[in-house]
Amino acid sequence: MPHNEEQDAEALMSRRKMMGVVVGVINLGLIAVVGLPVAEFVTSPLQTKRKKVWVELMPDDQIAPGEVKEVNFSMKIVDGYHETERKYTVYVRRDEAGVMAIDPACTHLGCRVRYQTDKHRFVCPCHGGVFNDDGTNKSGPPPKPLERHPVKVENGKIWVEREV
Amino acid sequence: MSRKTYEPKEAPTLSPEVRVDQPREASKAERVEIDRPSFKDWMDLRLGWYGFVRKNLDEPMPPGVGWWQTLGNLLMTLLIFQFVTGFALAMFYTPSAEGAHASVKHITYEVGAGTFVRGLHVWGSTVIVIVTALHLLRVFFWGSYKKPRELTWIVGVIIFQIILGFSFTGYLLPWDQKAYWATVVGTRIAATIPVVGHMMLVLIRGGEEVGALTLTRFFSLHVMLLPASLLVVAGLHMFLVRKHHIAGPVVPQKGKPVPFYPDQLFKDAIVLVVGVGLLVYLAVGLPPSLEAIADPTGTDFSPRPEWYFLGLYELLKIMPTGFEVVATAIIPGLITIGMFALPWLDRSKSRHPGKRQWVIMMGMAVILLIGLLTLKGLLDTPPEHKKAPTNVEAMR
Ligand code: HEM
Ligand code: FES
C-alpha cells in the first residue's frame with residue numbers, strides 16, 4: 001500500500017491527543033494519590049473531639065466574698081503523641097451569689113489579663129482592654145466579656161470544668 | 001527503512017535539532033576541541049554554560065541604572081545565607097515542646113560558633129525584611145512593574161508573603177516566652193475572621209491551643225514548604241528579570257546600555273560588603289538572646305510581636321470594639337490585593353511618578369500608615385513590660 005503522508009500526520013495527531021488525555025488523567029491520579037492523604041493528614045486537628053473534665057482548684061474556705069484570686073492548676077492533656085501535664089491559670093472570684101472561674105485570656109486576641117486588686121479590674125497588657133472584676137467589659141477593644149468556666153463546690157473544694 | 005519526519009501543521013516551531021534525521025551541526029568548540037577538550041570545554045560541551053555566563057555578564061544595563069538596582073542581588077545573597085545558617089541550625093535543633101528550648105540554649109551557648117550562626121540567622125531575617133521592603137519600594141517608585149514586568153512584580157509580591165511567613169513561623173521555634181506568647185496572639189488574628197475563623201485557627205495551631213503540635217507544624221512549614229516554594233518563585237523571579245531586562249530610569253537617559261559586567265557587578269559587590277557587613281556587625285554586637293521556656297500559666301507576660309508586625313499590633317489598639325476584623329483582615333487584605341493588582345490599578349502608560357500621582361499618593365499613604373504605627377509601637381513599649389518568671393518549668 002502506498003504511503004500517505006497526510007494520513008500519517010493525522011494519525012499522529014490523534015494519537016497525541018488521545019495519549020495526551022490519558023497522561024493528563026494519570027497525572028490527576030498521581031496528584032490525588034499524594035494530595036488527598038496529605039490533605040487529610042494536615043487537617044486532622046479539625047477532627048479532634050474535646051471532652052470535658054472537672055479539675056480541682058483550691059479549698060473553698062480560702063477565698064472570701066469580694067476577693068479575686070489567680071489560681072494555677074494543671075491537667076493532663078494529649079498533645080500529639082504525648083500526654084503532658086499542662087499548666088493553666090484561672091481567676092477565681094467569689095461574691096454573694098457564689099464562685100465563678102474567669103479565664104485570663106483576653107477576648108480580643110488572647111493576651112493574659114492581669115487583675116488589679118486596688119482597682120477591682122482586669123487589664124490587658126496588649127491593646128489596653130479593661131474588664132470589671134466579674135469579667136464584663138469596661139473599655140478598650142475586647143468585643144466580649146472574659147470567658148467563664150463552669151464551677152462547682154464539692155467536699156469543701158472548688159472545681160472547674162475544662163475542655164481537653 | 002526510511003522514517004518520515006513529522007511536520008506539524010499548526011505548530012511549525014519545532015527547532016531543527018528536534019528533527020530525527022538531521023543531525024545538529026557541530027558548534028565551533030566541538031569542531032576545534034572535539035578530540036581532547038580542556039576540562040572547561042568538556043564541561044561546556046555538555047552544559048553549554050559559556051553562552052549562559054556570557055549572556056548574563058553582558059546583560060544590558062540602560063544608562064541610569066545604578067545603586068538602586070543592587071538591592072535584588074543583596075536579597076539573593078542574604079537568602080543564601082539564611083539557607084546555609086538554617087541548614088546548620090537544623091542539625092542541632094529539636095522540634096519538640098520538650099526539646100526545642102533546651103536545644104536552642106545548647107546552640108546559643110555551647111555549640112562552636114553557635115551564637116554567631118544563630119545571630120546571622122536571626123538578624124538575617126530582620127535585614128531581609130528591610131531590604132525586601134526597600135527593593136519593593138524602589139520598584140514601586142520607578143514604576144518598573146509596568147508592562148511587560150507585571151508578572152515579575154506579582155512573583156515579587158508572593159516572595160514578600162513567603163518572607164513574612166518565614167518570620168512568623170521561625171519566631172516560635174526557640175519555644176521561649178516571647179515566642180510562645182507572640183504566637184498565641186498572632187494566631188488568634190485568624191480567629192477574628194467571620195465564619196471560617198475558628199477553623200483556620202485550629203488548622204494553623206494544629207489544635208485548639210498553641211502547643212507541641214503548633215511547634216511541629218511551624219517547623220515543617222519553616223524548613224520544608226517555605227524554602228521549597230521560595231526556591232521556585234525566586235528562580236522564576238530571576239528568570240523574568242533577565243527575560244525582560246532591567247527597566248531604565250523613568251525618564252530615559254542619553255547613552256548606550258552598558259554590560260552588567262564590570263560596572264554594575266562591581267556596585268553589587270560593594271553593596272554586598274555593606275549589607276553583609278551590617279549583618280555581621282549586628283550578629284556580633286547584639287547576640288541573640290533566649291528567654292525562659294514557654295509557660296502557658298501566669299498573667300504577667302506582655303506579648304509583643306517582632307518589630308515588623310508592630311504596625312499591625314498598634315492598628316489593633318486603635319480599632320474600636322467589634323471592628324478588629326478591619327485591622328486583622330480587611331486592611332492587610334486590601335493592601336495585599338492592592339499590591340497584586342498594582343500593574344492594573346496603575347493604567348498610565350508613563351512610569352514617571354508625576355504621571356501616576358494617584359498611585360504614588362496611595363503608596364505614600366500606606367507607607368506612612370505602616371511607618372507611623374510601627375514608630376508608635378516602638379516608642380510606647382509598655383512600662384510594665386516585664387520579663388517572664390524564670391522559675392516555672394512548664395510544658396514538661
Ligand atoms: C527573594 C527576594 C527577591 C530577590 C532575590 C529579588 C531579586 C531581584 C533582582 C536581582 C532584580 C534585578 C536587580 C534589581 O532591580 O534590584 C530584581 C528586580 C525586580 N524585582 Fe525583585 N527580588 C526579590 C523580591 C522582590 C519583591 C518582594 C518584589 C515586589 C513585590 C520584586 C519585584 C521586582 C521587579 C518588578 C523587578 C524588575 C525591576 C526592573 O526591571 O527595574 N522583587 N529582583
Ligand atoms: S489582646 Fe487584650 S486588648 Fe488586645
Side-chain angles (χ1 to χ4, degrees), chain A residues 3-6 8-13 16 42-48 50 70-74 77-91 103-116 122-129 137 139-144 163-164, chain B residues 2 4 6-10 96-98 181 184-189 191-192 199 202-217 220 295-304 313-324 327-328 382 384-386 392-396:
Chain A
H3 234 69
N4 185 333
E5 290 193 17
E6 208 130 288
D8 273 6
E10 250 166 51
L12 181 60
M13 284 314 281
R16 280 199 155 185
V42 168
T43 58
S44 63
L46 289 175
Q47 255 85 59
T48 320
R50 309 185 96 199
E70 184 182 329
V71 183
N72 290 344
F73 64 99
S74 59
I77 61 158
V78 183
D79 200 357
Y81 65 94
H82 52 184
E83 251 193 29
T84 51
E85 204 41 38
R86 185 159 176 169
K87 297 182 175 171
Y88 291 92
T89 301
V90 75
Y91 284 109
D103 197 282
C106 177
T107 51
H108 185 221
L109 289 173
C111 295
R112 294 303 185 251
V113 297
R114 286 164 206 170
Y115 187 63
Q116 295 179 329
F122 297 99
V123 285
C124 178
C126 283
H127 317 100
N137 296 81
S139 64
K144 283 183 294 194
E163 278 187 298
V164 282
Chain B
S2 83
K4 289 269 176 332
Y6 156 61
E7 307 259 9
K9 296 220 164 51
E10 309 94 315
S96 79
E98 304 97 334
W181 288 105
V184 168
V185 177
T187 48
R188 266 288 280 269
I189 285 184
T192 61
M199 198 178 89
V202 174
L203 272 185
I204 295 171
R205 288 184 173 177
E208 295 280 339
E209 288 169 59
V210 175
L213 291 180
T214 320
L215 183 61
T216 43
R217 215 154 249 257
S220 169
D295 177 10
T297 51
T299 53
D300 56 358
F301 190 80
S302 304
R304 271 168 75 75
Y313 184 83
E314 288 297 320
L315 190 60
L316 278 162
K317 274 194 197 169
I318 55 180
M319 268 307 138
T321 309
F323 287 90
E324 36 288 327
T328 54
E384 83 273 33
H385 185 64
K386 273 192 253 149
V392 203
E393 284 256 309
M395 296 304 300
R396 295 285 294 289

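Naming convention: chains lettered A, B, ... in sequence-line order (proteins, then strands); numbering from 1 in each chain.
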Query raised in the report: Checking B:R217 side chain against A:V42 main chain: does a donor-acceptor pair fall under 3.5 Å?
Result: yes

Query raised in the report: Tell me, side chain or backbone of A:P104 under 4.5 Å from chain B's heavy atoms, or both, or neither?
Result: side chain

Query raised in the report: Among B:I189, B:L213, B:T328, which has the most heavy-atom pairs under 4.5 Å with chain A?
Result: B:L213

Report task. Check whether A:Y91 gets within reach of chain B through its side chain, its backbone, both or neither, counting any heavy atom under 4.5 Å. Result -> side chain

Query - chain B contact via A:T48 - side chain, backbone, both or neither, heavy atoms under 4.5 Å - result: neither

Report summary line: Ranking A:P142, A:G140, A:G110, A:G128 by heavy-atom pairs under 4.5 Å to chain B gives rank one to A:G110

Report summary line: Looking only at heavy atoms, the pair that brings A:P125 and B:Y313 closest together is O-OH, 4.3 Å

**Report entry** Trace of the side-chain contact (heavy atoms from CB on, under 4.5 Å) decision for B:R188 with A:C106
**Finding:** CA-CA 11 Å; B:R188 266 288 280 269; A:C106 177; over 6 Å; no

Query raised in the report: Who among A:R50, A:H127, A:R112 has the most heavy-atom pairs with chain B under 4.5 Å?
Result: A:H127

Requested in this report: Can you tell which part of B:M199 gets under 4.5 Å to a heavy atom of chain A, answering side chain, backbone, both or neither?
Outcome: both

Query raised in the report: Do you know the tightest heavy-atom contact between A:R86 and B:V210?
Result: NH1-O, 3.0 Å

Query - Closest contact, heavy atoms only, A:C126 versus B:P303 - result: SG-CD, 3.6 Å

Query raised in the report: Atom NE2 of A:H108 and atom CE of B:M319: how far apart are they, to the nearest 0.5 Å?
Result: 9.5 Å

Query raised in the report: Do you know which two heavy atoms are closest between A:P141 and B:E324, and how far apart they sit?
Result: O-OE1, 3.5 Å

Requested in this report: Please determine, among B:L316, B:T214, B:T187, B:V202, the option with the most heavy-atom pairs under 4.5 Å with chain A.
Outcome: B:L316

Query raised in the report: Between B:T192 and chain A, which part of the residue has a heavy atom less than 4.5 Å away: side chain, backbone, both or neither?
Result: side chain

**Report entry** Options A:G129, A:P45, A:S44, ranked by heavy-atom pairs under 4.5 Å with chain B, top entry
**Finding:** A:P45

Requested in this report: Considering only heavy atoms and a distance below 4.5 Å, find which of A:Y115, A:F73, A:Y88 pairs most often with chain B.
Outcome: A:Y88

Query - Interatomic spacing from CZ in B:R304 to SG in A:C111 - rounded to 0.5 Å - result: 11.0 Å

Query raised in the report: Measuring from A:L46:CG to B:L203:CG, what's the distance to the nearest 0.5 Å?
Result: 4.0 Å

Requested in this report: Tell me, yes or no, whether the heavy-atom count around B:F323 atom CZ, taken from other residues, nucleotides or ligands under 6.0 Å, exceeds 12.
Outcome: no

